[in-house]
Amino acid sequence: MNIVVCIKQVPDTTEIKIDPVKNTLIRDGVPSIMNPDDKGGLELALRMKDSYGANVTVITMGPPQAELILREAMAMGADRAILLTDRKFAGADTLATSYALAGAMKTMDYDLIIAGRQAIDGDTAQVGPEMAEHLDIPQVSYVVNAERLENGNLLVKKESEESVQTLEVEGKCVLTVLASAFNARYMTVSGIVEAYDKEVEIWGADKIEVDETKLGLKGSPTKVFKSFPKSLKAPGEVHEVSEEEAVELIVNKLKEKHII
Ligand SMILES: Cc1cc2nc3c(=O)[nH]c(=O)nc-3n(C[C@H](O)[C@H](O)[C@H](O)COP(=O)(O)OP(=O)(O)OC[C@H]3O[C@@H](n4cnc5c(N)ncnc54)[C@H](O)[C@@H]3O)c2cc1C
């Protein structure tokens with residue numbers, strides 16, 4: 001079984017700072033980590049490897065320094081690592097990112113693709129499902145468990161706020177995984193040593209099956225008009241008044257703000 005896990009390097013913060021001029025994330029001085037949901041995805045792949053035997057490949061699209069999370073993934077137990085990096089990928093929105101990743105998958109021999117549900121910086125949760133569409137294969141999102149059945153199909157459990165569903169999936173598919181469901185293993189000392197002995201394959205746009213006009217900024221239909229962090233709201237006012245007084249108070253406030 002060949003499993004490919006998509007991992008993204010993200011800033012280690014939930015307090016995203018935005019450059020007000022360029023409308024891009026300020027990454028300077030913020031340490032980078034493997035996106036938490038992707039760590040969950042890798043853990044699922046490694047559990048499948050432990051149970052049924054599998055070859056686990058990790059792939060990321062990003063700048064050269066993203067190699068670090070690939071080495072971390074190998075130290076956790078991944079067998080192969082691919083860094084998709086090329087100026088042609090720069091400025092990609094989610095559609096162009098998923099298109100490039102899908103282009104890489106087309107050149108690979110895979111049975112299952114695992115991605116995180118969501119990246120903590122971009123936060124769109126679009127890349128996994130879009131990749132499945134580019135590849136024209138089924139997808140299951142919000143996955144909390146998956147196991148292989150005797151007939152070779154996957155039994156996949158997905159969880160949302162309202163429901164839990166169990167699905168049987170036949171053939172190749174994309175799963176997007178929740179970090180909360182998988183307690184990811186730590187790197188081992190021998191794993192770290194081995195990870196630095198192994199090669200990280202560097203792939204450019206010429207190595208994958210893509211139409212280059214659909215890559216990077218050129219291939220991105222999304223244009224960022226303005227980005228800004230949410231401003232803190234002023235504390236509310238508390239008034240202990242009767243119902244009639246409350247109505248009058250609210251009406252006066254709305255008039256003050258020219259809302260009514
Ligand atoms: C117009 C525009 C321009 C942009 N320009 C840039 C830019 O110049 N530089 C920049 O860094 N970002 C840029 N971005 C952000 C970039 O598009 C997103 O970071 C990227 O598409 C992933 O989206 P997301 O973070 O919402 O991932 P999600 O869809 O939330 O991620 C879901 C899962 O998909 C997988 N995944 C996502 N991204 C990758 C990846 N790169 N490699 C491997 N797996 C992945 C992971 O498994 C992840 O858990 C731009 C966005 C827009 C809209």
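Counting starts at 1 for both ligands and their atoms, following the listed order.
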Does ligand 1 have an atom under 4.0 Å from some heavy atom of Gln9? no
Atom OH of Tyr186: over 12 foreign heavy atoms under 6.0 Å: no
Distance only, no hydrogens: is a donor on one side chain within 3.5 Å (strictly under) of an acceptor on the other, for Asn35 and Gln9? no
Considering the heavy atoms of Gln126, write down every atom of ligand 1 situated less than 4.0 Å from one of them. 29 (O)
Nearest protein heavy atom to atom 9 (N) of ligand 1: under 4.0 Å? no
Residue Val127 vicinity, atoms of ligand 1 by number, heavy atom under 4.0 Å: 22 (C), 23 (O), 27 (O), 29 (O), 34 (O), 35 (C), 36 (N), 37 (C)
Is ligand 1 less than 4.0 angstrom away from at least one heavy atom of Asp123? yes
Minimum non-hydrogen distance to atom 42 (N) of ligand 1, winning option of Met61, Lys223, Gln118: Met61
Is the CD atom of Glu201 crowded by more than 12 outside heavy atoms at less than 6.0 Å? yes
Residues at least two apart in sequence or cross-chain that pass side-chain contact (heavy atoms from CB on, under 4.5 Å) with Gln165, listed by chain then number, are Lys158, Ser163, Leu167
Around atom OH of Tyr142, are there more than 12 heavy atoms of other residues, nucleotides or ligands at under 6.0 Å? no
Under 4.0 angstrom from ligand 1, any heavy atom of Gly91? yes
Arg117 contact mode with ligand 1 (heavy-atom cut-off under 4.0 Å): backbone
Given that the side chain starts at C-beta and the backbone is N, CA, C, O, which of these parts of Ala119 lies under 4.0 Å from ligand 1, counting heavy atoms, or is it both or neither? both
Would you mind listing which atoms of ligand 1 come within a distance below 4.0 Å of any non-hydrogen atom of Asn35? 49 (O)
For Ala90, is at least one N or O under 3.5 Å away from an N or O on ligand 1? no
Just which atoms of ligand 1 are under 4.0 Å from any heavy atom in Asp121? 25 (O)
Val5 reachable from Leu154 in the ILVMFWY side-chain graph, under 4.5 Å edges: yes
Thr94, portion touching ligand 1 at heavy-atom distance under 4.0 Å: both
Heavy atoms of other groups near Asn252 CG, more than 12 under 6.0 Å: yes
Is the NZ atom of Lys172 crowded by more than 12 outside heavy atoms at less than 6.0 Å? yes
Of Leu84, Asp93, Leu83, the one whose closest heavy atom lies nearest atom 2 (C) of ligand 1 is Asp93
Cys6 heavy atoms, cut-off 4.0 Å: which ligand 1 atoms fall inside? 44 (N), 46 (C), 47 (O)
Is the closest N or O pair between Ala115 and ligand 1 shorter than 3.5 Å? no
Using distance alone, decide if ligand 1 has a nitrogen or oxygen within less than 3.5 Å of any nitrogen or oxygen in Ala92. yes
